[in-house]
Amino acid sequence: MLKLYNTLTKKVEEFIPIDPNEVKFYVCGPTVYDYFHIGNARSFVMADIVRRYLEYKGYKVKFVMNLTDVDDKIIKKANEEKISTTDVTDKYITAFFEDIAKLKIKKATVYPKATEHIREIVDMIETLEQKDFAYNEDGNVFYDVKHFNGYGKLSGKNIEELEIGARIDVNEEKKDPLDFALWKKAKEGEPSWDSPWGKGRPGWHIECSAMSCKHLGETFDIHAGGSDLIFPHHENEIAQSEAANGKPFVKYWLHFGFLNINEQKMSKSLGNFFTAREVVKKYSAEALRLFYSQAYYRGPLNFSEELLASAEKGLEKITNLVDKVNDELKKSNSGVKPEFDFKSFYQHFEKAMDEDLNTSQAVAVIFDFVKEVNRVIASSENVDVNFYNDVKTFLTKTAENVLGIVDFNKTTTSDDKLVGELVELLITLRTEAKQNKNYQLSDTIRDRLKELGVVLQDSKEGTSYKIGR
RNA sequence: GGCGCUGUACCCAAGCGGUCUAAGGGGAAGGUCUGCAAAACCUUUAUUCGUCGGUUCGAAUCCGACCGGCGCCUCCA
């Protein structure tokens with residue numbers, strides 16, 4: 001029984017999908033004006049893990065992630081670089097897909113773009129206008145926050161306090177500083193579309209309301225995003241969707257904690273960020289995902305290269321076993337199948353994940369499993385290939401398919417047949433040298449190969465090699 | 001000012017009233033194996049959970065005060 005912390009109720013609740021056959025899941029995706037950083041990546045990866053775990057539990061998941069491709073920042077970038085806004089969005093949408101592929105994030109069912117849903121957005125604003133939740137001021141359409149009963153229920157804010165703290169808004173067309181733009185009147189040189197209020201473009205919040213409704217319906221199961229979206233973005237989405245549809249918007253709200261650098265939030269505006277693409281050049285995607293998984297998804301997580309390096313190191317413990325298993329499966333020895341309680345490891349893993357996605361606990365289960373398997377292998381002779389099959393099944397289902405921290409298809413031997421055979425030849429020569437007690441030669445072979453990135457490992461069964469991942 | 005999160009070993013981090021003389025990873029130390037390494041395995045590394053009080057038979061876990069860190073309230077995952 002999966003339990004999730006729901007920002008709306010501020011409680012951990014049992015997850016019960018509206019439609020038992022299909023979970024409907026929406027995640028706020030990127031504004032495509034730049035490469036995303038590893039703070040953004042944390043949200044994307046954690047949402048991916050939630051999605052994968054739901055699938056592990058047997059749910060079919062319709063997973064929708066929007067791409068915000070019309071926005072002030074995009075326009076600004078286009079002006080700076082003297083290119084069109086579509087040049088900007090095309091470039092960063094391509095980059096986005098490259099990056100999520102590198103991070104092993106499963107593809108969403110749909111990636112709706114704001115610019116391809118202008119019709120739906122205009123329709124929703126019209127509905128809001130008809131229901132008196134929106135007003136038009138000279139081509140700018142605003143949402144009338146005061147008219148929506150329950151504004152602030154997600155973020156725990158109340159309107160009076162917000163007004164006291166509210167900064168003076170430069171836009172004097174609004175009736176109330178809390179009101180926000182649904183439709184922005186076109187300015188010179190900006191992308192715009194025709195609408196009942198004249199040429200213009202959608203405000204930021206309305207796209208998520210319109211597109212989630214189109215792809216997931218008026219009420220759906222899970223809506224997720226970074227904690228900084230709680231207010232005002234998600235609060236505004238609720239106001240728009242519930243006012244327009246007259247129905248509850250979302251059942252479970254999930255929010256991901258920030259990635260900090262030196263205890264400070266990583267953000268574009270502070271400039272203290274690393275893009276996901278630069279990090280994945282130096283560290284593996286699996287290590288990054290392990291790093292995220294070792295912390296609770298809602299809390300802050302401090303980032304440093306040292307921490308990532310230690311995750312990479314810890315990962316080796318698991319990948320060593322993965323290599324060993326792949327090796328044994330190739331050899332396919334028959335022998336004795338050791339006693340091993342796989343079932344309890346599955347149970348522990350599920351118990352951890354069920355308890356509001358305790359991924360750090362789940363990771364601990366994986367490490368315990370690896371340790372236990374190693375112990376069994378070390379103390380048994382003639383281990384049957386079926387045991388390795390079961391080990392692979394466990395790690396595939398949990399560490400690979402849910403957490404995405406291992407990859408059984410990543411090979412540590414050479415892809416190139418010739419290279420593999422040459423290494424094998426050197427190993428044979430080195431073994432001969434060893435038998436002749438010519439350790440100087442055998443060590444030279446080992447050292448030189450290491451410099452080339454090929455690590456030799458001697459064991460009772462002989463020498464194996466590994467090419468740096 | 002309002003709302004919320006947070007303080008556990010050298011570092012990261014789980015823990016949600018008793019099974020905690022507190023998971024897991026990194027680091028460090030010793031050992032088994034090895035010609036030597038590497039990998040793997042074994043052992044050690046918090047009687048203590050920011051501080052001080054309280055509730056309780058019993059608290060890292062609940063309550064209060066205090067000290068410290070962070071976030072949101074404005075674009076931001």
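Order of the sequence lines fixes the chain letters, A, B, ..., with proteins taken first and strands second; residue numbering starts at 1 for each chain.
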Let me know the distance between [atom1] of [X] and [atom2] of [N], rounded to the nearest Å.
X: A:H255; N: B:rG71; atom1: NE2; atom2: C1'; value: 14 Å
X: A:Y33; N: B:rC75; atom1: OH; atom2: P; value: 13 Å
X: A:L456; N: B:rA38; atom1: CG; atom2: P; value: 14 Å
X: A:D228; N: B:rC3; atom1: CG; atom2: C1'; value: 16 Å
X: A:K153; N: B:rC3; atom1: NZ; atom2: C1'; value: 18 Å
X: A:K351; N: B:rA23; atom1: NZ; atom2: C1'; value: 12 Å
X: A:H234; N: B:rC73; atom1: NE2; atom2: P; value: 13 Å
X: A:K265; N: B:rC73; atom1: NZ; atom2: C1'; value: 12 Å

In whole Å, what separates the [atom1] atom of [N] from that of [M]?
N: B:rA60; M: B:rA23; atom1: C1'; answer: 14 Å
N: B:rU45; M: B:rC10; atom1: P; answer: 13 Å
N: B:rC42; M: B:rG26; atom1: P; answer: 13 Å
N: B:rC66; M: B:rG2; atom1: P; answer: 13 Å
N: B:rA13; M: B:rC73; atom1: C1'; answer: 30 Å
N: B:rC20; M: B:rC16; atom1: C1'; answer: 14 Å
N: B:rC57; M: B:rG17; atom1: C1'; answer: 12 Å
N: B:rU48; M: B:rG30; atom1: P; answer: 27 Å

Pair [X] and [Y], ring centroids less than 6.0 Å apart:
X: A:Y5; Y: A:Y252; result: no
X: A:F180; Y: A:Y143; result: yes
X: A:F369; Y: A:F340; result: yes
X: A:H255; Y: A:H234; result: yes

Filtered N/O pairs between nucleotides 25-36 of chain B and protein, under 3.5 Å:
residue : atom : partner : partner atom : Å
B:rG27  : OP1  : A:K313  : NZ           : 3.2
B:rG35  : O4'  : A:Y439  : OH           : 3.4
B:rG35  : N1   : A:D443  : OD1          : 3.0
B:rG35  : N2   : A:D443  : OD2          : 2.8
B:rC36  : O2   : A:R446  : NH2          : 2.8
B:rC36  : N3   : A:R446  : NH1          : 2.8
B:rC36  : N3   : A:R446  : NH2          : 3.1
B:rC36  : N4   : A:R446  : NH1          : 3.2
B:rC36  : N4   : A:D458  : OD2          : 3.2

The residue, A:P30 or A:L301, whose nearest nucleotide of RNA chain B is more 5′ is A:L301

Which residue lies toward the 5' end of RNA chain B, A:K268 or A:N358, if each is placed at its nearest nucleotide?
->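 So the residue in question is A:N358.
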
A:Q264 side-chain proximity, nearest of B:rG2, B:rG71, B:rA40 =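 The closest nucleotide is B:rG71.
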
Sugar-phosphate, base or nothing in reach of [X], heavy atoms under 4.0 Å:
X: A:L229; answer: sugar-phosphate
X: A:M46; answer: nothing
X: A:E355; answer: nothing
X: A:F231; answer: sugar-phosphate
X: A:H37; answer: base
X: A:I366; answer: nothing

Using the six-membered ring wherever Trp is involved, compare the ring planes of [X] and [Y] and label them parallel, tilted or perpendicular (cut-offs 30° and 60°).
X: A:F273; Y: A:H37; answer: tilted
X: A:Y26; Y: A:H223; answer: tilted
X: A:Y297; Y: A:F256; answer: perpendicular

Pairing donors with acceptors under 3.5 angstrom, does anything connect the side chains of [X] and [Y]?
X: A:E278; Y: A:Y35; result: no
X: A:E312; Y: A:S284; result: yes
X: A:D356; Y: A:Y296; result: yes
X: A:E207; Y: A:T68; result: yes

Only pairs with both distances under 3.5 Å count, Watson-Crick or wobble alike; so what is the partner of [N] in this structure?
N: B:rA38; answer: none
N: B:rG7; answer: B:rC67
N: B:rC20; answer: none
N: B:rU48; answer: none
N: B:rC62; answer: B:rG54
N: B:rC33; answer: none
N: B:rU74; answer: none

Under the 6.0 Å and 45° cation-pi test, does A:K397 pair with A:Y56?
-> no

State whether A:N260 places a side-chain N or O below 4.0 Å from either non-bridging phosphate oxygen (OP1 or OP2) of B:rC70.
-> no

Quick one, which residues of residues 98-110 of chain A touch RNA chain B with a heavy atom under 4.0 Å?
-> none

Using atom types as modelled and distance alone, determine if a side-chain donor or acceptor of A:N66 lies under 3.5 Å from a backbone N or O of A:C208.
-> no

Under-3.5 Å N/O pairs linking protein and nucleotides 5-8 of chain B:
none

Only one of A:D327, A:V373, A:N333, A:I377 clears side-chain contact (heavy atoms from CB on, under 4.5 Å) with A:Y388; which?
-> A:I377

Salt bridge check: are A:K410 and A:D323 linked by an N-O gap of less than 4.0 Å?
->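 Looking at A:D323 together with A:K410, the answer is no, because their closest N to O distance does not fall below 4.0 Å.
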
